Protein chains: 2
Amino acid sequence: MSKPTIRLSVDAVVFGYDSKHGLSVLLIKRKYDPFQGQWAIPGGLVLENESLENAVERELQEETGIHVNYLEQLYTFGKPGRDPRNRVVTVAYYGLVNQGNFELYADTDAEEAQWFNVAELPKLAFDHDAILDVAIERLKGKISYEPIGFELLGEKFPFSELHKLYETVYGMSIDRRNFKKKFLQLNILEELDEKVSQGKGRPGSLFRFNQKKYFDLKKQGMNFDI
Amino acid sequence: MSKPTIRLSVDAVVFGYDSKHGLSVLLIKRKYDPFQGQWAIPGGLVLENESLENAVERELQEETGIHVNYLEQLYTFGKPGRDPRNRVVTVAYYGLVNQGNFELYADTDAEEAQWFNVAELPKLAFDHDAILDVAIERLKGKISYEPIGFELLGEKFPFSELHKLYETVYGMSIDRRNFKKKFLQLNILEELDEKVSQGKGRPGSLFRFNQKKYFDLKKQGMNFDI
DNA sequence: GCAAAAGTGTTCCTTTTACACCCATGC
DNA sequence: GCATGGGTGTAAAAGGAACACTTTTGC
């Protein structure tokens, strides 16, 4: 039995969304070998006394400066050989950031961290393609039975944003009227008095997710399912 | 930055089922400190050159002699302090064994490995209670949208076994007629000519899960959902 | 013949789908 | 006034839930 010299890292697939760019993922360009110059998802080794979640948040802060809104463990990837140097087992997370934080698009001089549309991803380092695939599948699944989509939107949003978000994530078109009816029946959205224009067309009301109401209703047996 | 001396282990929650005993979990009695003499889920350190799945299968073989039918990663538990000695991060799996392998119940002299009904669990070592809770929740969820329940039954089973299995896992009674109608509509079961008696009452036909048919139908967009 | 489990169909209700017209705004 | 997106209701279809009686066997 060899002495365990397995190293443990964390990696994070960070999703951002806006109705103009669609669904995006935050990647970093690797500075060192292996895979120097290639794009990768942010991450790094776990320190001895920090929790896995802290490690993820620390690495994200160090490598991209971003703060995620929502963070959830995804899967642990541990096949020998996934890192060409040593045995590294990585606990992958995925995170969601809301539109307020999602402004790196403007920083065209950001050489190290950049948003990529999920439909236009570069070849990634290590087995990060596989990790990303799992993350996208998880997001698709989870957004249907937990109200995590709001973590990708601003606090207030026109209903059409929510609609487009689901269409984007599911990769299919959804009837506008049926979607709205179903979502409003859940009774977890507040319609505000403010209206906002998308540039053209009739302005729409802003909505806000009422988390407290959601938890109350959930406790009473309500089932989020979109 | 301290040198990473984090250790990596795997643990496995193994479920077994029969209609007499209900849903059970395989536990081992710890021989050494910490938690000597307490019950725990099987597991151990990952070796440098083995995959996580191999580590689980090896540990299960060593500690309980059992072979699982189905194995899936559950969650990774890594909070500092979960092992009082060192920092140990564990990748938890859950496995399902079918009734053929589920015969340790008879071995009353088995001091080290024993089946426990999930409703009558002892206090477990480490954070294994939490791991078990997650495993039960996952099983409940997964059995509703993937045909994994068959891994807990024999190759051939009377329909009532399947029915009772779902009632047990969901913890609620399910209308027999509606359940059968819905399940048979999926078109993934074969009704055999053999009939079997449960001791009393009218004997029922045996059924068999047709995995190939399931995969074919799934490829065509069918959705398992019970 | 009685107790126990298996087999089987119909009705009602809820949910989902499909679908079209008017309204408010910017240009 | 026209193009664009927002707002709204109804009817048909499908799916889910509720429900009872007959059959086969062991004892």
Side-chain angles (χ1 to χ4, degrees), chain A residues 18-22 143-145 153-154 156-168 170-208 217 220-226, chain B residues 18-22 143-145 153-154 156-168 170-208 217 220-226:
Chain A
D18 77 31
S19 55
K20 189 161 139 244
H21 299 93
I143 204 173
S144 77
Y145 64 89
L153 301 176
K156 305 168 180 184
F157 49 87
F159 201 88
S160 58
E161 288 282 308
L162 190 63
H163 180 223
K164 279 181 218 148
L165 169 62
Y166 274 84
E167 288 193 324
T168 302
Y170 288 162
M172 60 187 251
S173 67
I174 304 170
D175 182 271
R176 192 164 52 94
R177 288 159 295 182
N178 291 339
F179 180 78
K180 190 168 182 180
K181 203 189 311 169
K182 196 168 167 188
F183 222 115
L184 291 183
Q185 274 170 3
L186 292 174
N187 210 23
I188 58 178
L189 292 185
E190 290 166 15
E191 183 166 1
L192 307 177
D193 280 337
E194 307 171 59
K195 297 201 188 301
V196 73
S197 165
Q198 301 291 86
K200 12 183 186 175
R202 176 175 175 174
S205 300
L206 290 179
F207 287 80
R208 180 166 47 197
L217 289 171
Q220 294 166 35
M222 170 267 238
N223 229 17
F224 183 92
D225 182 21
I226 288 293
Chain B
D18 76 31
S19 54
K20 189 161 138 242
H21 299 93
I143 205 174
S144 77
Y145 64 90
L153 301 175
K156 306 169 180 182
F157 49 88
F159 202 88
S160 58
E161 287 283 308
L162 190 62
H163 180 224
K164 279 180 218 150
L165 170 61
Y166 273 84
E167 288 193 323
T168 302
Y170 288 162
M172 60 186 253
S173 67
I174 303 170
D175 182 90
R176 193 164 51 95
R177 288 159 293 183
N178 290 339
F179 180 78
K180 190 167 182 180
K181 202 189 310 166
K182 196 169 168 188
F183 222 116
L184 291 182
Q185 273 171 3
L186 293 172
N187 211 23
I188 57 179
L189 292 186
E190 292 166 14
E191 183 167 0
L192 307 178
D193 279 336
E194 306 171 60
K195 296 200 189 304
V196 72
S197 164
Q198 300 292 86
K200 14 182 183 176
R202 176 175 174 172
S205 299
L206 289 179
F207 287 80
R208 181 165 48 197
L217 288 170
Q220 295 166 36
M222 169 267 240
N223 229 16
F224 183 92
D225 182 20
I226 289 292

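Just so it is clear: chains get the letters A, B, ... in the order the sequence lines come, proteins before strands, and each one is counted from 1. What you see is a predicted model; the values in this text were computed from it and never measured.
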Determine: side-chain N/O of B:Ser205 to OP1/OP2 of C:dA6, distance under 4.0 Å, yes or no.
no
Considering all heavy atoms, the nearest B:Met222-B:Ile188 contact
CE-CG2, 3.6 Å
Euclidean distance, atom CG of residue B:Leu162 to atom C1' of C:dA6 [Å, nearest integer]
15 Å
Begin with the C-alpha distance, continue with both residues' side-chain angles, and end with the deciding distance and a verdict on side-chain contact (heavy atoms from CB on, under 4.5 Å) for B:Val196 and B:Lys156.
CA-CA 10 Å; B:Val196 72; B:Lys156 306 169 180 182; over 6 Å; no
For B:Phe183 and C:dT8, what is the distance between atoms CZ and C1' respectively, to the nearest whole Å?
19 Å
Between A:Leu184 and A:Phe159, which heavy-atom pair has the shortest distance, and what is it?
CD2-CE1, 4.2 Å
Does a side-chain N or O of B:Ser160 approach OP1 or OP2 of C:dA6 to a distance below 4.0 Å, or not?
yes
Contact summary for B:Glu167 and B:Ser173, nearest pair of heavy atoms
OE2-CA, 3.3 Å
Measure from CG on B:Leu184 to C1' on C:dA6 and round the result to the nearest Å.
13 Å
From CD1 of A:Ile174 across to P of C:dA18 the rounded distance in Å is 13 Å
Mind calculating the distance between CZ (A:Phe207) and P (D:dG6) to the nearest angstrom?
11 Å
Please report the distance, rounded to the nearest Å, between CD in B:Gln198 and P in D:dT24.
18 Å
What integer distance in Å separates A:Lys180:NZ from C:dA20:P?
19 Å
B:Pro158 or A:Pro203: which one's nearest nucleotide on DNA chain C is closer to the 5' end?
B:Pro158
Using side chain to side chain donor-acceptor pair (under 3.5 Å) as the criterion, list what pairs up with A:Ser205, not counting sequence neighbours.
A:Glu191, A:Lys195
For residues A:Leu189 and A:Leu162, report the shortest heavy-atom separation together with the two atoms involved.
CD1-CD2, 4.2 Å
In B/S/- notation, 5' to 3', how is nucleotides 11-23 of chain D contacted by protein heavy atoms closer than 4.0 Å?
------BBBB--B
Please confirm whether the shortest side-chain N or O distance from A:Lys195 to OP1 or OP2 of C:dA24 is below 4.0 Å.
no
Expressed as a whole number of angstroms, how long is the span from A:Phe179:CZ to C:dA18:P?
16 Å
A:Ser197 side-chain N/O to C:dT25 phosphate OP1/OP2 under 4.0 Å:
no
Counting C-beta onward and ignoring hydrogens, is there a side-chain heavy-atom pair between B:Tyr145 and B:Asn223 closer than 4.5 Å?
no
With respect to the side chain of A:Lys200, which nucleotide from C:dT8, D:dG5, C:dA5 is positioned closest?
D:dG5
